[in-house]
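One structure is given below, encoded as structure tokens.
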Amino acid sequence: MDNCCVLAGRIWSGDVFEDGYVTVNNGKIEDVQYGKYNGFPDFKGCIFPGIVDTHTHVADAGLKIDKRYSIEELVAPPLGLKHEYLNKTSPDKVRMSITSYINTLHKKGVSRIIDFREGGVKGSAVLRTLFPESIILGRPLSENFDVNEIDDILNHADGIGISSISDMNHGYIDAIAEEVHRRKKMLALHVSERIREDIDYVISLKPNFVVHMVHATNADIAKCVDNNISISVCPRSNLYFGVKAPVNSMINVGANVSIGTDNAMLTPDSDIFNEARIFYKLLSVTNREKGETFRSLIARGRELLNENSALEKMIGKNVDIVAIPCREEHILANGCANLVRFY
């Protein structure tokens with residue numbers, strides 16, 4: 001962006017939408033003010049920072065699902081259909097599908113992804129080359145712990161993303177966690193996606209966040225809160241497998257709940273607003289569903305990365321803004337229709 005413009009309407013304060021306006025100049029956020037804008041803005045609507053999609057598997061974007069599969073059939077390592085696809089598909093085709101999918105995510109409001117990247121060192125290195133701004137959680141290929149492999153992955157990645165404590169030897173997982181923490185990197189894992197898993201063991205690994213928790217108990221969720229472990233939920237992939245994320249329980253106990261799109265093969269429209277719409281419906285038995293949905297969609301992904309989502313905290317930084325020409329109550333109904341990206 002080379003010119004000065006004013007974006008006015010309902011702007012994100014870090015917790016809610018408030019009346020205000022944002023001045024953008026030469027590709028940077030120059031000023032943020034609250035209150036009515038008395039002039040004629042260049043854009044009027046809802047304005048908020050680019051969304052952090054907190055759980056993706058972008059490498060399987062090229063896989064077309066022809067029927068309904070179980071979790072084990074589709075994604076369980078090493079024989080799930082996804083892994084068969086990744087092993088048999090040419091690297092160039094995988095790179096092309098990743099590029100197309102992430103570009104579409106960006107157009108629909110996503111600023112960055114936190115990707116559980118399969119493929120060992122090469123997988124992490126490829127994604128870092130294609131989209132350097134991605135938060136990459138690599139996954140080792142070795143059947144037994146290899147400190148050199150983990151360190152090589154961490155040279156390209158921001159951390160390690162583990163499939164599940166049910167898929168791997170606990171001694172192996174312990175060794176991975178120890179090395180990740182030694183390198184001061186991020187650790188995350190899928191938890192209680194297929195069956196309820198031992199939350200005390202998960203907590204002992206000291207992950208930054210966990211994904212899914214659909215079979216977790218209220219006590220399991222509360223333990224995550226007590227140990228400052230965030231939760232990423234992916235409503236559409238959960239529904240594909242016939243389960244619902246217990247988002248009411250998560251919100252009620254004060255969990256930091258963010259939203260992800262999960263496997264690209266399950267969400268080919270690459271629309272995180274559709275995830276938010278289902279999240280909103282899962283919360284609809286409460287009186288606070290809109291506010292909590294927007295906090296999970298806009299704020300909590302950035303909080304997971306120790307960032308503030310308030311637009312005034314971004315003054316002086318490069319523009320990374322999503323703008324939708326409507327009030328906030330219409331966003332969850334219309335999704336990213338007519339969305340404009342400023343970056």
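Small disclaimer: the values here were computed from a predicted structure and weren't measured. By convention here, the first residue in the shown sequence is residue 1. Just the heavy atoms: all of them, side chains too, but no hydrogens, waters or symmetry mates, feed the values below.
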If you measure only the distance, is there a donor-acceptor pair under 3.5 Å linking the side chains of [X] and [Y]?
| X | Y | result |
| --- | --- | --- |
| D220 | T217 | yes |
| E30 | T23 | no |
| R183 | N155 | yes |

Centroid separation H190 to F116 less than 6.0 Å: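 Here the rings of F116 and H190 have centres that are less than 6.0 Å from each other.
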
Salt bridge (charged side-chain N to carboxylate O under 4.0 Å, His left out) partners of residues 63-78, not counting sequence neighbours, each pair once: E72-R194

Nearest atoms (heavy-atom pairs only) where L311 meets I47: CD1-O, 3.6 Å

Shortest non-hydrogen contact between L266 and S237, atoms and distance: CD1-CB, 3.8 Å

Under the ring pair (Phe, Tyr, Trp, His ring centres under 6.0 Å) test, residues paired with Y21 that sit two or more places apart: Y37

Donor-acceptor pairs under 3.5 Å, side chain of residues 316-328 to any protein atom, not counting sequence neighbours: which ones?
| residue | atom | partner | partner atom | Å |
| --- | --- | --- | --- | --- |
| N318 | OD1 | K28 | NZ | 2.8 |
| D320 | OD1 | S111 | OG | 3.4 |
| D320 | OD1 | R341 | NH2 | 3.0 |
| D320 | OD2 | S111 | OG | 2.7 |
| D320 | OD2 | R302 | NH2 | 3.0 |
| R327 | NE | E329 | OE2 | 3.2 |
| E328 | OE1 | R10 | NE | 3.1 |
| E328 | OE2 | R10 | NE | 3.3 |
| E328 | OE2 | R10 | NH2 | 2.8 |

R236/D271 ion pair, N-O < 4.0 Å: no

Residue list, salt bridge (charged side-chain N to carboxylate O under 4.0 Å, His left out) with R182, at least two apart or on another chain: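 R182 satisfies salt bridge (charged side-chain N to carboxylate O under 4.0 Å, His left out) with D151, E179 once adjacent residues are dropped.
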
Within-4.5 Å side-chain heavy-atom neighbours: N87 and E84: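 No. Closest side-chain heavy atoms not under 4.5 Å.
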
Contacts of type side-chain hydrogen bond (donor to acceptor under 3.5 Å, both in side chains), residue D226, not counting sequence neighbours: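 Scan of D226 (side-chain hydrogen bond (donor to acceptor under 3.5 Å, both in side chains), adjacent residues dropped) gives none.
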
side-chain hydrogen bond (donor to acceptor under 3.5 Å, both in side chains) involving S166 - partner list, sequence neighbours excluded: E197

